[in-house]
Amino acid sequence: MRELFSLNGKRVWVAGHRGMVGQAIVRRLAEEGCSEILTVSRAELDLRDRAAVKAWLAKHRPDVVFDAAARVGGILANDTYPADFLFDNLEIETAIIRGAFEEGVERLIFLGSSCIYPKFAEQPLREDSLLTGPLEPTNEWYAIAKIAGIKMCQALNRQYGARYISVMPTNLYGPGDNFDLQSSHVIPALMRKAHEAKAANADHMVIWGSGTPKREFMHVDDCAAGIVHAAKYYDAFEHLNIGIGEDVTIREIAELVMETVGFGGRLELDTSKPDGTPRKLMDASRLMALGWRPQISLRDGLKSTYEWFVEHHAAVA
Ligand code: GFB
């Protein structure tokens, strides 16, 4: 397949390089022959500050930007802090996408999430189901901000002929994830709960909701490989799904995590917590048609993520 954009010899800024996805993109880009991979710490640059971001871009002059910077979190964090999720993400996107364009960045890859799709959209979720129905209420604030980011890129492409693309990963997990029980996504939460239940010789662990929602889980290194692939081979107006095309129920993932951790107790449901959207399985056929395939099975990915968690437990828990 012919490369539409080469990363070889390019100066690349990974915005959000401390997050799980940003870290994985930095690891993946090490294999791409970029001339330099730029990162900047939160202490040095507030990514919500449009003037500061523009000045930083003017000084460091990247050719390419991977925009993996966002305020992210699991279902409870999204539901509890709607204003932070909406404003922070809109500010970050505006500063980075508009700043990049004004400072002559040739190529930008904007990252979103599968929660941009309507709650009851037909499954698997095709790219063209965007904006065809109401969103899932627990995360509509984040979703609206991410939809705005897609539209910012499309508007620049339409009005000025930019080549800015948007990629929408499914639910992710892996090394570098957030393991805080209040703000994390489901896999790191369950891993920590199973680990602590095992250590305490408990007879059960609690999962939120009914256990029946379905989610598609992709290892972050597969995601980063898919995103870098898209940067090189995808140039269409519409955003691109990044997924694997398979999902499991929350009960099934809980059982797999318990098996990975070696905890044999019971599962108890806390139905005071929300289920969120019933299902969000990505149609990843466009990405697959570009010649990309996932490499990491859920079982292997959980195993290596748990090893990472155990090694870094003191630091992250
Ligand atoms: O991963 P998660 O927080 O995010 O939750 P979403 C997925 C499902 O797992 C929900 C259930 O049905 C939860 O109720 N669950 C069970 C748990 N036990 C737990 C637990 O201990 N912790 C957590 N966190 N969940 C988020 C969105 O949605 O996912 C974001 O809010 C974004 O906007 C992100 O799209 C990928 O898949 O529901």
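The figures here come from the full heavy-atom set of this structure, side chains too, leaving out hydrogens, waters and symmetry mates. Along the sequence shown, residues carry numbers from 1. Just follow the structure's listing: the first ligand is 1, and inside any ligand the first atom is 1. Since we're looking at a predicted model, the values are computed, not measured.
Side-chain N/O atoms of S210 and D275 include a donor and acceptor closer than 3.5 Å. A donor and an acceptor atom, one from each side chain of S184 and D177, are nowhere located under 3.5 Å apart.
Ranking protein heavy atoms by distance to atom 35 (O) of ligand 1, first place goes to S113 OG, 2.8 Å. Among protein heavy atoms, atom 24 (N) of ligand 1 sits closest to S184 O, 3.0 Å. Taking atom 4 (O) of ligand 1 as the reference point, the nearest protein heavy-atom neighbour is I75 N, 3.9 Å. Given atom 5 (O) of ligand 1, the protein heavy atom at minimum distance is V186 CB, 3.9 Å. Among all non-hydrogen protein atoms, the one lying nearest atom 8 (C) of ligand 1 is I250 CD1, 3.5 Å. Of the protein's heavy atoms, W208 CD2, 3.6 Å lies nearest to atom 20 (C) of ligand 1. The nearest heavy-atom contact from the protein to atom 27 (C) of ligand 1 is N139 ND2, 3.2 Å. Given atom 13 (C) of ligand 1, the protein heavy atom at minimum distance is P274 O, 3.9 Å.
Counting heavy atoms closer than 4.0 Å to ligand 1, residue I207 contributes atoms from both its backbone and its side chain. The residue K273 has no part lying near ligand 1, judged by heavy-atom distances below 4.0 Å.
The cationic group of K146 does not satisfy the cation-pi geometry with F85, failing either the under 6.0 Å distance to the six-membered ring centre or the 45° limit from the ring axis. Geometric assessment of R107 against the ring of F5 yields a positive cation-pi assignment under the 6.0 Å and 45° thresholds.
Every atom of ligand 1 with a heavy atom of K193 under 4.0 Å away is listed here by number and element: 20 (C), 21 (O). Of all the atoms in ligand 1, the ones that sit under 4.0 Å from a non-hydrogen atom of Y142 are 33 (O). Close approach of ligand 1 to K280 is summarised as follows: ligand atoms under 4.0 Å from at least one heavy atom of the residue are 6 (P), 28 (O), 29 (O), 35 (O), 37 (O). Taking every heavy atom of A189 and a limit of under 4.0 angstrom, the matching atoms of ligand 1 come to 20 (C), 21 (O), 22 (N).
For residues 92-112, the ring-ring contact (aromatic ring centres under 6.0 Å, His included) pairs, not counting sequence neighbours, are F101-Y160. Note on residues 191-228: pairs passing ring-ring contact (aromatic ring centres under 6.0 Å, His included), not counting sequence neighbours, are Y173-H219, H195-Y306, H195-F309, H195-H313.
Looking at V206 next to ligand 1, no N or O pair under 3.5 Å apart turns up.
Taking every heavy atom of both residues into account, E103 and L57 meet most closely at CG-CB, 3.8 Å.
Of the options T249, N78, D270, the smallest heavy-atom separation from atom 30 (C) of ligand 1 is shown by N78. Taking all heavy atoms of T277, D275, L172 into account, the minimum distance to atom 12 (O) of ligand 1 is reached by D275.
With hydrogens and angles disregarded, a donor-acceptor distance shorter than 3.5 Å links the side chain of N157 to the backbone of Y164.
Environment of CD in E122: sparse, with no more than 12 heavy atoms of neighbouring residues, nucleotides or ligands closer than 6.0 Å.
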